[in-house]
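Below is one structure, written out as structure tokens; the observations come after it.
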Amino acid sequence: MDVSHLLDELNDAQREAVTAPSGHVLVLAGAGSGKTRVLVHRIAWLIQVEHVSPLGILAVTFTNKAAGEMRHRTGEMLQISTRPLWIGTFHGIAHRLLRMHHREVGLPEGFQILDSEDQLRLIRRIIRDEGLDETHWPSRQAQWFINARKDEGQRPKHIEHNDHPVTATWTHVYQRYQEYCHRGGLVDFAELLLRAHELWLEQPEVLDHYRKRLQHLLIDEFQDTNTIQYAWLRMLAGKSGNVFVVGDDDQSIYGWRGAKVENVQLFVRDYPDVATIRLEQNYRSTGTILNAANALIAHNQGRMGKKLWTAGETGKNIHLYAAYNEQEEARYVIECIKRWIDGGRKPSDAAILYRTTAQSRLFEEYLLRESIPYRVYGGQRFFERSEVKDALAYLRLLNNPNDDAAIERVINKPTRGIGEKTISDLRLQARESGLSLWQAIGESLKQGVLASRAASAVGAFVKLVSDMQERLADFTLGNQIQGVIDDSNLVQAYEKEPSERRETREENLRELVNAADRFILPGEDADAGLTELQSFLSHAALEAGETQGEAWDDCVQLMTMHSAKGLEFPLVFIAGMEDGLFPHQRSIEDAGGRLEEERRLCYVGMTRAREELCLSYAEVRRMHGSESFSRPSRFIEEIPEELIEEVRPRAAIQRPYVPASRSQARDRVARTHVPNQAWPFKLGQPVVHKKFGEGTVMAFEGQGDHTRVQVNFDQAGAKWLVLAYAGLQAA
DNA sequence: TCCATTGACGTTTTT
DNA sequence: CGTCAATGGA
């Protein structure tokens with residue numbers, strides 16, 4: 001058979017990966033080295049050359065977008081239906097397994113998925129119910145605790161908390177949370193993975209069935225897998241499965257949410273026969289950009305090792321701009337983009353990347369001022385909008401009225417006279433008798449324990465839900481949603497909002513009905529016995545809508561470096577290259593390798609650029625209301641000087657800029673910077689402290705013996721010291 | 001029940 | 001500084 005079309009467009013390393021003999025393969029795929037292409041060609045190779053049945057292949061990714069792209073490209077390449085192939089996200093595949101085996105894992109047939117927001121609300125509810133003070137016991141922390149434990153495969157009974165009151169309390173909340181979820185037939189994201197793992201553990205015959213069938217497992221972005229995902233995978237692979245993983249330890253940027261880069265090393269240890277293949281040829285960036293990125297990432301310890309190269313051009317030097325402050329930084333970046341567009345390039349070719357979401361604001365302001373179209377990624381997604389979630393909550397009640405999370409959300413929306421007092425009475429009743437809210441409402445009405453006004457309001461709600469269930473039972477999905485919106489009179493809840501806001505909400509609700517009309521029940525959900533409604537609700541939770549914009553939007557792209565992973569742009573700006581911001585202060589202070597993750601994030605950011613890369617930092621930045629000085633990011637120093645072209649000399653730090661609009665501030669700063677003061681150091685001067693080591697002078701305050709100096713230490717971060725006692729030496 | 005004021009808080013985010 | 005959630009008075 002002619003297989004040239006599978007191999008023609010591949011380089012040697014890619015071809016080696018695609019044609020690797022059965023067994024375990026680790027592909028270390030650098031940024032822009034064609035990893036998706038390798039995955040797609042590998043699938044095609046298995047089917048067309050190795051004659052593996054499409055039913056025997058499982059390909060797993062992290063995002064729906066990546067899964068969709070892989071499926072699409074595989075279909076184009078093979079010219080066959082990709083229906084029988086299992087391609088999906090970890091969560092999507094776990095969901096599918098749980099649907100098919102809900103009995104074995106103890107879930108009701110119509111179980112529903114709780115998104116992070118619902119989860120947080122439920123946890124907050126429980127913390128209050130348990131009589132805990134939320135200032136000492138923040139619900140976010142509990143959420144983090146529960147999810148982290150689930151990601152590690154732990155149930156409350158596994159958690160040791162000898163003499164540890166915090167762990168003991170959170171474990172208790174975890175336990176209570178699980179009870180609520182159980183009663184409401186609810187499953188959160190981490191639970192999907194954990195249950196799928198427990199399915200393997202507790203149902204050997206089910207595991208055996210899938211082991212026999214799925215002989216080829218392909219994993220994308222392997223460096224992002226967490227403990228439970230890897231454990232799940234290993235069990236599925238068993239002794240005979242072939243595991244083909246693609247990843248890049250240098251692009252692991254999700255350690256803070258449980259991803260384990262160590263899995264890459266573990267994989268090599270767990271499968272000693274693994275063939276390791278490096279994809280180092282880059283098809284995206286200029287030589288200069290790659291050299292800079294290589295030099296930067298070389299500062300990390302314990303890498304698998306990899307060096308990107310290109311057959312293409314060297315390209316321009318990396319621009320470095322030292323702005324006086326964040327306003328000036330934004331001004332400069334937008335100016336560059338304007339020039340780029342005037343030079344005939346598209347706005348969508350340019351991306352502004354930053355560390356924290358709050359940084360987007362200024363750039364937006366300046367883009368708006370210059371009338372340049374832009375788009376900020378990572379905003380709220382369609383199925384996360386509150387009005388959409390309100391409508392979905394009513395739908396969830398049609399499916400299962402014992403869904404406490406849904407009842408809490410809409411019982412008084414729009415207001416129907418069910419106040420906080422009534423609701424908390426009902427909660428108490430539910431808690432004491434171990435019932436769902438819906439059941440507790442039924443009991444309360446039957447026993448007549450509610451005040452008459454409350455009873456009639458609650459009775460009306462019960463009637464509303466029951467009537468909807470009856471009236472809408474045989475409607476199409478779209479009509480069900482329209483019916484729920486009409487019957488509940490949901491839009492009344494927004495009537496007092498400003499008209500613009502209200503109109504968007506109504507528009508989103510119409511769009512929700514449209515989405516439902518277009519929705520086609522996937523075959524696998526039908527096979528699992530799901531109704532259209534159940535399937536749609538799951539779909540809404542698992543694919544909350546697009547995160548990343550469409551290519552046809554010719555807009556300047558604004559996003560965090562995290563959300564830029566996997567994307568590329570001809571012109572990339574990385575703003576806010578300051579110690580304390582990037583790398584973030586929290587990571588600098590952290591002892592456990594966070595700084596290296598931060599460096600990887602920088603590596604990811606830099607390798608997004610195809611043609612031009614521009615780094616910038618502000619000497620003074622307003623943060624949390626006050627101005628702070630910081631030194632340029634240590635990452636800048638880690639890039640070879642000869643690759644960098646400074647647009648404005650860095651020495652400028654000795655002349656702090658003060659915005660004209662803040663004349664008071666100017667006076668104050670100007671006075672403190674009179675050069676004939678008896679200060680032994682200049683601003684920006686490198687100094688040494690016997691305890692904190694080397695640092696840079698950032699600011700002075702006060703006079704004579706009371707003079708204090710702010711020094712940003714390389715290791716210890718920024719500190720205010722009394723000059724008379726600090727014993728600083730010029731470095 | 002609603003709205004306005006106050007207060008706490010401040011890294012990254014997909015499923 | 002800006003945001004969001006909680007609180008308390010009308």
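So you know, we letter chains A, B, ... as the sequences are listed, proteins then strands, and number each from 1. The figures that follow rest on heavy atoms only: side chains count, while hydrogens, waters and symmetry mates do not.
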Residue set satisfying side-chain hydrogen bond (donor to acceptor under 3.5 Å, both in side chains) with A:Arg409, at least two apart, ordered chain then number -> A:Asp390
- Message: What contact category does A:Asp115 fall into here, base, sugar-phosphate, or nothing, at under 4.0 angstrom with non-hydrogen atoms?
- Response: nothing
Worksheet item: Can a side chain N or O of A:Arg381 be found less than 4.0 Å away from OP1 or OP2 on B:dT15?
Response: yes
Worksheet item: Contact class for A:Leu353 vs. all strands (heavy atom < 4.0 Å): base, sugar-phosphate, or nothing?
Response: nothing
Per-nt protein contacts along nucleotides 4-10 of chain C (heavy atom under 4.0 Å; B base, S backbone sugar-phosphate only, - none) come out as --S----
| Looking at A:Phe111 versus A:His102, is the centre-to-centre ring distance below 6.0 Å? | no
From the candidates C:dT3, B:dT15, B:dT13, the one with an atom nearest any side-chain atom of A:Arg361 is C:dT3
Out of B:dT15, B:dT1, B:dT13, minimum distance to the side chain of A:Thr415 belongs to B:dT1
task = Please answer whether B:dT15 and A:Phe62 are stacked, defined here as ring centres separated by less than 5.5 Å and planes angled under 30°.
result = no
Of B:dT1, B:dT15, B:dT13, the nucleotide closest to the side chain of A:Arg257 is B:dT13
Residues passing the side-chain hydrogen bond (donor to acceptor under 3.5 Å, both in side chains) test with A:Lys35, sequence neighbours excluded, are A:Asp220, A:Glu221
Winner on side-chain proximity to A:Thr357, out of B:dT1, B:dT15, B:dT13, is B:dT13
Identify all pairs in which a protein N or O lies below 3.5 Å from an N or O of nucleotides 4-6 of chain B, and state each distance.
none

Sorted by chain and number, sequence neighbours left out, ring-ring contact (aromatic ring centres under 6.0 Å, His included) with A:Trp256 holds for A:Tyr254, A:His562
Hits for side-chain hydrogen bond (donor to acceptor under 3.5 Å, both in side chains) against A:Glu568, two or more places apart or cross-chain, chain-then-number order -> A:Arg284, A:Arg610
*asked:* Using a heavy-atom cut-off of 4.0 Å across all strands, would you classify A:Asn147 as base, sugar-phosphate, or nothing?
replied: nothing
Between C:dA5 and B:dT12, how many Å separate the two P atoms, rounded to a whole number?
15 Å
Of the listed B:dC2, B:dT13, B:dT15, the closest approach to the A:Trp256 side chain comes from B:dT13
Sorted by chain and number, sequence neighbours left out, ring-ring contact (aromatic ring centres under 6.0 Å, His included) with A:Tyr354 holds for none
Residues passing the ring-ring contact (aromatic ring centres under 6.0 Å, His included) test with A:His101, sequence neighbours excluded, are A:Tyr210
Practice item. Would you kindly check if the NZ (Lys) or CZ (Arg) of A:Arg600 is within the cone defined by 45 degrees around the ring axis of A:Tyr603 and under 6.0 Å from the six-membered ring centre? Key: no
The ring-ring contact (aromatic ring centres under 6.0 Å, His included) partners of A:Tyr230 (sequence neighbours excluded) come to A:Phe222
